[in-house]
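In what follows, a single structure is set out as structure tokens and then discussed.
Just so you know, these numbers come straight off a predicted model, no measurement behind them.
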Amino acid sequence: MTTKKRKLLGMLTPSSNTALEPITSAMVAGLEDVSVHFSRFRVTQISLGENALGQFDLQKILDAAQLLADAEVDVIAWNGTSAGWLGFETDEALCRQITETTGIPATTSVLALNEILARTGVTELGLVTPYLEDVQQRIVANYARQGIRCTAERHLGLSKNFEFSEVSAQTLEDLVNDVAQARPQAITTFCTNLHAAPLARALEARTGIPVYDTISTVLWKSMRLAGVDTRALSGWGQLFLQGE
């Protein structure tokens, strides 16, 4: 008797993140033979300071990726948004290195977001983050270089990664609603330690604008790379209806 092959999704996780694991696990809970597995590396602060930037040293991330490879996962995903301020090319290089080291396809939250923005022709984006002003401006500038204008943005001025997970649902809804007033073509909740993904569908219904959370984007792309139909997760937002 042949058993259906399980689909194992590997996620690289910031050590102080308490949002992405429970949210991602909840998202796939109803999917038969799909499970998500996590490997952490140290990330505690988000800023443009030398120590904070050094947290994203390539070797530390590759070490965590190799631990996921031991579980024979189908895909390895960096469930984080550091390329937003470090530059999108850092995630492209990371994915190449992960695949060269492990032989496993790789993706990231930001590259997946950028793919969905390109697929849907978005050139005007609403940006919601918990980050500091200078980090936010780096993200805005990097998207401008991609031909995507952040027509409205809101940020909370926080730098301690653990605190991002304590931002309330009401605060997140208010930030998204504020950004929606500018009528961007899409809105992103850009941080994988926010409890924003569960709010996406209701916010889309209220604003009439697609809401792409970065926990959701990386799961969407990971499922696609592993050959899993994303439409089963349409209750988590319009993103999951995007197929071939």
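No chain of hydrophobic side-chain contacts below 4.5 Å, direct or via other Ile, Leu, Val, Met, Phe, Trp or Tyr residues, connects L225 to L241. A chain of hydrophobic side-chain contacts below 4.5 Å, direct or via other Ile, Leu, Val, Met, Phe, Trp or Tyr residues, connects V140 to L117. Under the 4.5 Å side-chain contact rule for hydrophobic residues, L58 and M11 share a cluster. If you chain together hydrophobic residues whose side chains sit under 4.5 Å apart, F38 and L8 fall into the same group. Clustering ILVMFWY residues whenever any of their side-chain heavy atoms sit less than 4.5 angstrom apart, transitively, puts L12 in the very cluster that holds L62.
Rounding to the nearest 0.5 Å places OG of S16 at 10.5 Å from CD of E163. A distance of 9.0 Å separates SG of C150 from CD of Q137, quoted to the nearest 0.5 Å. Distance check: R201 CZ to L233 CG gives 11.5 Å after rounding to the nearest 0.5 Å. The distance from the CG atom of L9 to the OG atom of S25 is 10.5 Å, given to the nearest 0.5 Å. In this structure, the separation between CG on L127 and CD1 on I187 is 10.5 Å, given to the nearest 0.5 Å. For the atom pair R224 CZ and T230 OG1, the distance stands at 6.5 Å (nearest 0.5 Å).
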For L199 and E173, run side-chain contact (heavy atoms from CB on, under 4.5 Å): C-alpha distance rounded to whole Å, both residues' side-chain angles, the deciding distance at 0.1 Å, then the answer.
-> CA-CA 8 Å; L199 308 174; E173 288 174 7; 3.8 Å; yes
task = Please report the C-alpha distance between L20 and T13 in whole Å, then the side-chain angles of each, then the deciding distance to 0.1 Å, and finally whether the side-chain contact (heavy atoms from CB on, under 4.5 Å) criterion is met.
result = CA-CA 8 Å; L20 79 84; T13 307; 3.7 Å; yes
>> The test is side-chain contact (heavy atoms from CB on, under 4.5 Å); show your working for T81 and Y131 and say whether it passes.
In response: CA-CA 11 Å; T81 53; Y131 302 137; 2.7 Å; yes
Salt bridge (charged side-chain N to carboxylate O under 4.0 Å, His left out) for K160 and E166? Distances and angles first, verdict last.
CA-CA 11 Å; K160 187 176 178 183; E166 300 195 309; over 6 Å; no
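Contact record, L194 with I23: O-CD1, 3.8 Å, taken as the closest heavy-atom pair. Closest of all the heavy-atom pairs between T192 and N79 is OG1-O, 2.9 Å. The minimum heavy-atom distance between I76 and A69, with the atom names listed, is CD1-N, 4.4 Å. Nearest heavy-atom pair, M223 versus D229, reported as atom, atom and distance to 0.1 Å: CE-O, 3.6 Å. Nearest heavy-atom pair, V218 versus A77, reported as atom, atom and distance to 0.1 Å: CG2-CB, 3.5 Å. Considering every non-hydrogen atom in both R42 and S15, the closest pair reads CA-OG, 3.2 Å.
A distance-only check finds no donor-acceptor pair linking the side chain of T90 to the backbone of L86 [under 3.5 Å]. In this structure a side-chain-to-backbone donor-acceptor pair under 3.5 Å is missing from Q66 to T101. Distance alone, capped at 3.5 Å, places no donor-acceptor pair between the N193 side chain and the F164 backbone. Without hydrogens or angle criteria, S165 side chain to F162 main chain gives a donor-acceptor distance under 3.5 Å. Proximity of a side-chain donor or acceptor of N161 to a complementary backbone N or O of P14 within less than 3.5 Å is not detected. When atom types are taken as modelled, the side chain of T207 and the backbone of L203 share a donor-acceptor pair closer than 3.5 angstrom.
Among residues at least two apart or in separate chains, side chain to side chain donor-acceptor pair (under 3.5 Å) pairs with a member in residues 150-159 are Q45-S159, E133-H155, Q136-E153, E153-H155.
Counting heavy atoms from C-beta on, the side chains of P184 and L125 never come closer than 4.5 Å. Side-chain contact between K5 and D33 is absent, with no heavy atoms from C-beta onward closer than 4.5 Å. The closest side-chain heavy-atom distance from L158 to V167 is below 4.5 Å.
Heavy-atom contacts from other residues, nucleotides or ligands closer than 6.0 Å to CD of E72 number 12 or fewer. A 6.0 Å sphere centred on CZ of R138 holds no more than 12 heavy atoms belonging to other residues, nucleotides or ligands. The environment of CZ in R231 is sparse: at most 12 heavy-atom neighbours from other residues, nucleotides or ligands sit within 6.0 Å.
Under 3.5 Å, the side chains of Q170 and D174 contain a donor-acceptor pair of N or O atoms. A side-chain donor from one of T189 and D213 sits under 3.5 Å from a side-chain acceptor of the other. A donor atom on one side chain and an acceptor atom on the other are found under 3.5 Å apart for T123 and Q185. When only modelled atom types and interatomic distance are considered, Q181 and N177 share no side-chain donor-acceptor pair under 3.5 Å.
The pair E115-R119 meets the salt-bridge criterion, since a charged nitrogen lies less than 4.0 angstrom from a carboxylate oxygen. Between R6 and E32 there is no salt bridge, since no side-chain nitrogen of the basic residue lies less than 4.0 Å from a carboxylate oxygen of the acidic one.
Residues W220 and Y212 keep their aromatic ring centres 6.0 Å or farther apart.
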Side chains of residues 104-113: which donor-acceptor pairs under 3.5 Å do they make with residues two or more places apart or in other chains?
residue	atom	partner	partner atom	Å
T108	OG1	D91	OD2	2.6
T108	OG1	V110	N	3.4
T108	OG1	L111	N	3.0
S109	OG	G80	N	3.3
S109	OG	T214	O	3.1

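Ring-plane geometry between W78 and F41 is classed as tilted, the angle between the planes lying from 30 to 60 degrees on a 0 to 90 degree scale.
In this structure, the ring-ring contact (aromatic ring centres under 6.0 Å, His included) partners of F88, at least two apart in sequence or on a different chain, are Y143.
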